[in-house]
Amino acid sequence: QVQLVESGGGLVQTGGSLRLSCAASERSFSTYTVTWFRQAPGKEREFVVGIKWSGLSTTYTDSVKGRFTISRDNAQNTVYLQMNNLKPEDTAVYYCAADQFGTGSRYRNSYESWGQGTQVTVSS
């Protein structure tokens with residue numbers, strides 16, 4: 001397992017932007033596929049976006065396509081989630097998860113390593 005720490009959450013108005021970070025304490029972080037999930041109150045944790053360990057493939061859930069962008073800086077052991085044009089329905093706790101040489105699964109049970117989460121609140 002790898003330790004993950006999210007940061008960058010906060011309160012923004014509709015249409016605003018935030019950039020989340022997922023930092024890992026692992027020298028071999030470049031071998032980990034990293035995904036972002038989110039969980040709104042009373043709802044299941046859902047897949048948002050993932051980036052393969054190679055960095056060559058990304059997958060987005062339909063509701064965030066064109067608004068969210070995932071990227072990684074392996075030299076900094078960090079994955080970023082740039083979120084633009086935020087909507088109230090994006091309000092949730094955002095978690096990053098990692099899986100070494102993972103396929104980028106959308107299923108949370110595929111991941112053993114999780115961060116503690118960061119709250120994103122979008123006001124209308």
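As the structure is a computational prediction, the values presented were derived from the model and not from experiment. When reading the values below, keep in mind they use all heavy atoms of this one structure, side chains included, and skip hydrogens, waters and symmetry mates.
- Listed for the T33 side chain is no donor-acceptor partner under 3.5 Å among the backbone atoms of K52.
- Side-chain contacts under 4.5 Å among hydrophobic residues (ILVMFWY), followed directly or transitively, place V5 with no other residue at all.
- Cluster membership check: I51 does not share its hydrophobic cluster with Y80, using side-chain heavy-atom separations under 4.5 Å among Ile, Leu, Val, Met, Phe, Trp and Tyr.
- Other residues, nucleotides and ligands place no more than 12 heavy atoms under 6.0 Å from the CD atom of Q13.
- Scored by the side chain to side chain contact (heavy atoms under 4.5 Å, CB included) test, E46 finds R38 as partners (sequence neighbours excluded).
- T121 pairs by the side-chain hydrogen bond (donor to acceptor under 3.5 Å, both in side chains) definition with Q119, not counting sequence neighbours.
- There is a path of hydrophobic side-chain contacts, each under 4.5 Å, that joins I70 to V64.
- Shown here for Y95 and G115, the closest heavy-atom pair between the two residues is CD2-O, 3.7 Å.
- Under the salt bridge (charged side-chain N to carboxylate O under 4.0 Å, His left out) criterion, K65 pairs with D62, sequence neighbours left out.
- Among residue pairs with one or both ends in residues 17-35, none qualify as salt bridge (charged side-chain N to carboxylate O under 4.0 Å, His left out); sequence neighbours excluded.
- A distance below 6.0 Å separates the ring centres of F101 and W53.
- Taking the side chain to side chain contact (heavy atoms under 4.5 Å, CB included) definition, one finds that S30 meets it with N74, sequence neighbours left out.
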Given V48 and Y60, is the side-chain contact (heavy atoms from CB on, under 4.5 Å) satisfied, shown in steps?
CA-CA 6 Å; V48 179; Y60 295 84; over 6 Å; no

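- Legend: residues meeting side-chain hydrogen bond (donor to acceptor under 3.5 Å, both in side chains) with T31, ordered by chain and number and at least two apart, are Q100.
- Taking Ile, Leu, Val, Met, Phe, Trp and Tyr as hydrophobic and joining them when side-chain heavy atoms fall under 4.5 Å apart, one finds L11 isolated, its cluster having no other members.
- Atom CD in E89 sits 8.0 Å away from atom OG1 in T14 (nearest 0.5 Å).
- Put simply, the side chain of E6 gets close to the backbone of Q116: a donor and an acceptor are under 3.5 Å apart.
- Considering every non-hydrogen atom in both V93 and G117, the closest pair reads CG1-CA, 3.8 Å.
- Scanning all heavy atoms of the two residues, the minimum distance from F29 to T78 falls at CE2-N, 3.6 Å.
- Listed for the T91 side chain is a donor-acceptor partner under 3.5 Å among the backbone atoms of V122.
- A distance-only check finds no donor-acceptor pair linking the side chain of Q3 to the backbone of A24 [under 3.5 Å].
- Residues forming a ring pair (Phe, Tyr, Trp, His ring centres under 6.0 Å) with F37 (at least two apart in sequence, or on another chain): F47, Y111, W114.
- The side-chain hydrogen bond (donor to acceptor under 3.5 Å, both in side chains) check on N77 picks up nothing, with sequence neighbours excluded.
- Qualifying side-chain hydrogen bond (donor to acceptor under 3.5 Å, both in side chains) partners for S105, counting only residues two or more places apart in sequence or in other chains: S110.
- Judged as a salt bridge (charged side-chain N to carboxylate O under 4.0 Å, His left out), the pairs with a partner in residues 101-124 (not counting sequence neighbours) are, in order, E44-R108.
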